[in-house]
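Heads up: the structure comes next, in structure tokens.
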Protein chains: 2
Amino acid sequence: MKIGVLGTGTVGITLGTKLVELGYQVKMGSRTPDNEKAAEWVKRAGEGASQGTFADAASFGEVLFNCTGGGVSIEALKLAGAQNLKGKTLVDVANTLDFSKGMPPTLTVLNTDSLGEQIQREFPEAKVVKTLNTVAAPIMVDPKLVQGDHDVFMSGDDPQAKGQVQRILREFGWRNVIDLGDISTARGTEMWLALWVRLMMGFQSPMFNVHIQRSLDAPDPATASRLRGQR
Amino acid sequence: MKIGVLGTGTVGITLGTKLVELGYQVKMGSRTPDNEKAAEWVKRAGEGASQGTFADAASFGEVLFNCTGGGVSIEALKLAGAQNLKGKTLVDVANTLDFSKGMPPTLTVLNTDSLGEQIQREFPEAKVVKTLNTVAAPIMVDPKLVQGDHDVFMSGDDPQAKGQVQRILREFGWRNVIDLGDISTARGTEMWLALWVRLMMGFQSPMFNVHIQRSLDAPDPATASRLRGQR
């Protein structure tokens, strides 16, 4: 399958590298067709890796990853072109953290809206799935870096797109994928960043994640049998 | 030790009941000295339980719990009286969730401020410690209701007050208390409610909590020896 990765930062490089390793053909998109970071990545990642503009990558990919900074994602996706997003699964892993006033950063979209919803509204024919935005880039593609059970969340309106993303997440190694519901639930995972940032500052490391622990009295159907076994 | 519990809702009743069980003398405060819910609670909780106005409870307690709704906490604490909060540990367990526009609720204070900070600014001579606001009331006083390891957070400017609160949390049964830092870190735990609400809606139950899982490569000093033992 062909995948377009939009953005040449740490997140785009990390996801693009892993997707090539998994056997996908990956085109990394940026504002210019000859972006230096993308060119270096193409050399390193080897066969299956290519580069181009945002529009080139979006046109190329059957599934797209938005790895641009949250503050410029809408602009970058407009450069990618609505016609190139149409009908495609668009995995949004971005956050709107604003570091311009120092630490801790604040969020520029929150509470009654989220970046995931903004993207879905702006590109109604794309199938936006918000995920992976709650963990640092190395953990996104290698959850075993964090010990024990821990979880990744998924928000989106299209069940088939979420199924497609879930299969990719499992290829990355994710065992616990929590489907929160429609794209408006991205507010929850984007606002989690406020606590994530404070934990990161305290730990002096971004290498952590959350695990949701449940009550034995309130198992969901999926875990009920496992929990009964533990009683 | 004498404790003042401000608020007669589920959280105040739950905390008050547990604190009486633990042997504390607890006065529950409300707007009026003869609040019916408080009166019922006094009968049920038995010896060690009493009731009064916000000012009565604040004057009585050496440690105070703010269990009023986040939207009215500042007003309730003004009724309690700044002179009655002076020099005391004020445990703030409230959230500013606004359900007036239906589900999901929004937060009325966030991003660049928090209720914890607002209270600390309004009552600079109180020692505000934000904690327990990330879990449902039954879990606050009985963390064993949730299976496995899971965590409670603590934010505050005064180390001694945090030590005092940590001892009470341990009496409640909390094994993992994560000290996030100064009171501004309450922004993180208050904003966590946005994700908490979506999980609660998905699980159809508030009986869950988070556990922070770390990388083996980045242990903090407190957990380093335990982690080495697991390698």
Side-chain angles (χ1 to χ4, degrees), chain A residues 98 101 104-108 110-112 114 134 136 138-139 143-151 153 155 178-182 184-199 201-220 223 227 230, chain B residues 98 101 104-108 110-112 114 134 136 138-139 143-151 153 155 178-182 184-199 201-220 227 230-231:
Chain A
D98 175 8
K101 287 168 192 156
T106 53
L107 290 166
T108 60
L110 74 169
N111 210 22
T112 55
S114 62
T134 53
I139 301 170
K144 283 192 308 297
L145 290 173
V146 171
Q147 62 175 337
D149 280 327
H150 56 105
D151 313 329
F153 304 97
S155 306
I178 297 180
D179 185 348
L180 290 170
D182 68 33
S184 78
T185 62
R187 294 176 204 174
T189 58
E190 294 182 17
M191 287 169 72
W192 149 254
L193 267 289
L195 181 51
W196 184 90
V197 159
R198 297 307 188 127
L199 288 164
M201 291 166 73
F203 292 154
Q204 297 278 300
S205 165
M207 300 303 287
F208 62 89
N209 192 19
V210 290
H211 182 45
I212 306 298
Q213 300 276 32
R214 306 282 307 276
S215 163
L216 282 170
D217 295 332
D220 57 5
T223 58
L227 294 183
Q230 290 177 355
Chain B
D98 175 10
K101 286 168 194 157
T106 52
L107 290 166
T108 60
L110 76 168
N111 211 21
T112 55
S114 62
T134 54
I139 302 171
K144 283 191 310 295
L145 290 173
V146 171
Q147 61 175 336
D149 280 328
H150 56 105
D151 313 327
F153 304 97
S155 305
I178 297 181
D179 184 348
L180 290 170
D182 67 34
S184 77
T185 63
R187 294 176 203 174
T189 58
E190 293 181 17
M191 287 169 73
W192 149 253
L193 267 289
L195 182 50
W196 183 91
V197 160
R198 297 306 188 131
L199 288 164
M201 290 166 73
F203 293 153
Q204 296 278 301
S205 164
M207 299 303 287
F208 63 88
N209 191 20
V210 291
H211 181 46
I212 305 299
Q213 299 278 32
R214 304 283 308 275
S215 164
L216 282 170
D217 296 333
D220 58 3
L227 295 183
Q230 290 179 356
R231 274 176 188 272

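Only heavy atoms go into these numbers, but all of them, side chains included; no hydrogens, no water, no symmetry mates. A, B, ... follow the sequence lines: proteins, then strands. Residue 1 opens every chain.
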Closest-packed option against chain A by number of heavy-atom pairs under 4.5 Å, given [options]:
options	answer
G148(B), P104(B), S184(B)	S184(B)
V210(B), D179(B), N209(B), T112(B)	N209(B)
T106(B), V197(B), D151(B)	T106(B)

What is the distance from atom [atom1] of [X] to atom [atom2] of [Y], rounded to the nearest 0.5 Å?
X	Y	atom1	atom2	result
M191(B)	E190(A)	CE	CD	10.5 Å
D149(A)	Q213(B)	CG	CD	7.0 Å
R187(B)	L107(A)	CZ	CG	11.5 Å

Does any backbone or side-chain atom of I139(A) lie under 4.5 Å from a heavy atom of chain B? Answer side chain, backbone, both or neither. neither

Using heavy-atom distances under 4.5 Å, tell me whether S155(A) contacts chain B through its side chain, its backbone, both, or neither. neither

Which atoms form the tightest heavy-atom contact between G188(B) and L195(A), and what is the distance? O-CB, 3.5 Å

Contacting region of I212(B) [heavy-atom separation from chain A under 4.5 Å]: both

At a heavy-atom separation under 4.5 Å, does L193(B) approach chain A through its side chain, its backbone, both, or neither? neither

Option in A194(A), G181(A), P105(A), G202(A) with maximal non-hydrogen atom pairs under 4.5 Å from chain B: A194(A)

Does a side-chain heavy-atom distance below 4.5 Å link I178(A) with L199(B)? yes

Heavy-atom distance under 4.5 Å between the side chains of T185(A) and M201(B), does that happen here? no

Quick check against the 3.5 Å criterion: does R198(A) have a side-chain atom that pairs as donor or acceptor with the backbone of A186(B)? no

